[in-house]
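Accompanying notes for the structure given below.
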Amino acid sequence: SQDKKVNSFVGVEDCGTCHKTEKQGKQLDIWKNSMHAQAFKTRQTEKADKIAMDLGHETPAVQTEACLKCHASGYNVDKALLGKKFKIEDGVQCETCHGAGSNYKSLKVMKSREESIANGLIVHEKLEDFCISCHNPESPTYVEFKLDEMWDKINHPVPKTK
């Protein structure tokens with residue numbers, strides 16, 4: 001069996017190179033205007049630190065794994081797997097949901113959905129199951145999660161070509 005190369009995180013900027021045009025579906029803008037783009041920044045507040053402390057954590061929210069697991073990507077991987085353009089401050093970003101992109105980011109691979117998936121792109125078949133891995137009562141700021149309503153805010157399909 002062929003050893004698969006480990007995927008590293010490339011960062012929003014790399015993904016956005018292609019995923020920003022009207023033709024592609026303006027995914028970058030959709031993300032930038034979403035709460036996901038603010039997910040890490042919300043950990044950098046006194047309120048977040050107080051929540052972390054109230055839960056018994058001794059570290060600020062931006063250093064607390066229980067917080068980061070839903071508010072950031074790449075915080076828990078070998079630094080060698082973080083590309084030069086990757087920023088933890090981007091919070092819940094492309095690769096949080098779609099997997100680290102180094103092996104599927106090229107246009108040559110991305111032209112084929114099958115090839116992209118074979119190279120590490122994650123496309124969630126059971127979307128709600130994935131979303132509720134963070135949007136659940138374990139979160140100290142949980143509000144009822146309504147998939148349809150929330151998905152409408154971040155849905156980012158590639159427009160169908162005629």
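Side chain of D152 to main chain of E149: no donor-acceptor pair is present (N/O by atom type, distance under 3.5 Å, no hydrogens or angles).
Sparse packing is recorded around CE of M35, with 12 or fewer heavy atoms of other residues, nucleotides or ligands lying under 6.0 Å away. Heavy atoms from other residues, nucleotides or ligands lying under 6.0 Å from NZ of K41 number more than 12. Sparse packing is recorded around CD of E138, with 12 or fewer heavy atoms of other residues, nucleotides or ligands lying under 6.0 Å away.
Counting only heavy atoms from C-beta outward, the side chains of E95 and N7 never approach each other to under 4.5 Å.
Within the structure, every pair that satisfies the ring-ring contact (aromatic ring centres under 6.0 Å, His included) test and touches residues 64-99, not counting sequence neighbours, is listed here: F9-F86, H98-H156. Residue pairs meeting the ring-ring contact (aromatic ring centres under 6.0 Å, His included) criterion with at least one member in residues 21-68, sequence neighbours excluded, do not occur. Among residue pairs with one or both ends in residues 103-126, those qualifying as ring-ring contact (aromatic ring centres under 6.0 Å, His included) are H124-F130; sequence neighbours excluded.
In the hydrophobic clustering of this structure, V158 does not group with I117; members are Ile, Leu, Val, Met, Phe, Trp, Tyr whose side-chain heavy atoms approach within less than 4.5 Å, directly or through other members.
The NZ atom of K111 sits 10.0 Å away from atom OG of S106, with the distance rounded to the nearest 0.5 Å. Taking CD of E89 as the start and CZ of R43 as the end, the distance is 14.5 Å to the nearest 0.5 Å. The OG1 atom of T42 sits 9.0 Å away from atom CD1 of I51, with the distance rounded to the nearest 0.5 Å. Going from atom CG of D29 over to atom CD of Q27 covers 9.5 Å, rounded to the nearest 0.5 Å. With rounding to the nearest 0.5 Å, the separation of CD in Q93 from OG in S34 is 11.0 Å. Taken to the nearest 0.5 Å, the CG atom of L121 stands 11.5 Å off from the CD atom of E115.
Here the closest non-hydrogen pair linking M53 and E58 is CE-O, 4.0 Å. Minimum interatomic distance between N119 and N103 (heavy atoms only, all atoms of both residues): CB-O, 3.2 Å. Shortest non-hydrogen contact noted between K153 and I30 is O-CG2, 4.2 Å.
Other members of the hydrophobic cluster containing L147, listed by chain and number, are L127, I132, Y142, F145, M150, W151, I154; membership follows side-chain contacts under 4.5 Å among ILVMFWY residues, whether direct or relayed.
Applying the salt bridge (Lys or Arg N to Asp or Glu O under 4.0 Å) rule to K50 yields the partners D54; only residues at least two apart in sequence or on another chain are considered.
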_Candidate pair C15 and V10, rule side-chain contact (heavy atoms from CB on, under 4.5 Å), full reasoning_ = CA-CA 8 Å; C15 302; V10 297; 4.2 Å; yes
I'd like a table of donor-acceptor pairs (distance under 3.5 Å, sequence neighbours excluded) in which one partner is a side-chain atom from residues 60-68, with atom names and distances.
from : atom 1 : to  : atom 2 : distance (Å)
T64  : OG1    : T59 : O      : 3.0
T64  : OG1    : T59 : OG1    : 2.6
T64  : OG1    : P60 : O      : 2.8

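Ion pairing of K87 with E13 is present here, as a side-chain N (NZ or NE/NH1/NH2) and a carboxylate O approach within less than 4.0 Å.
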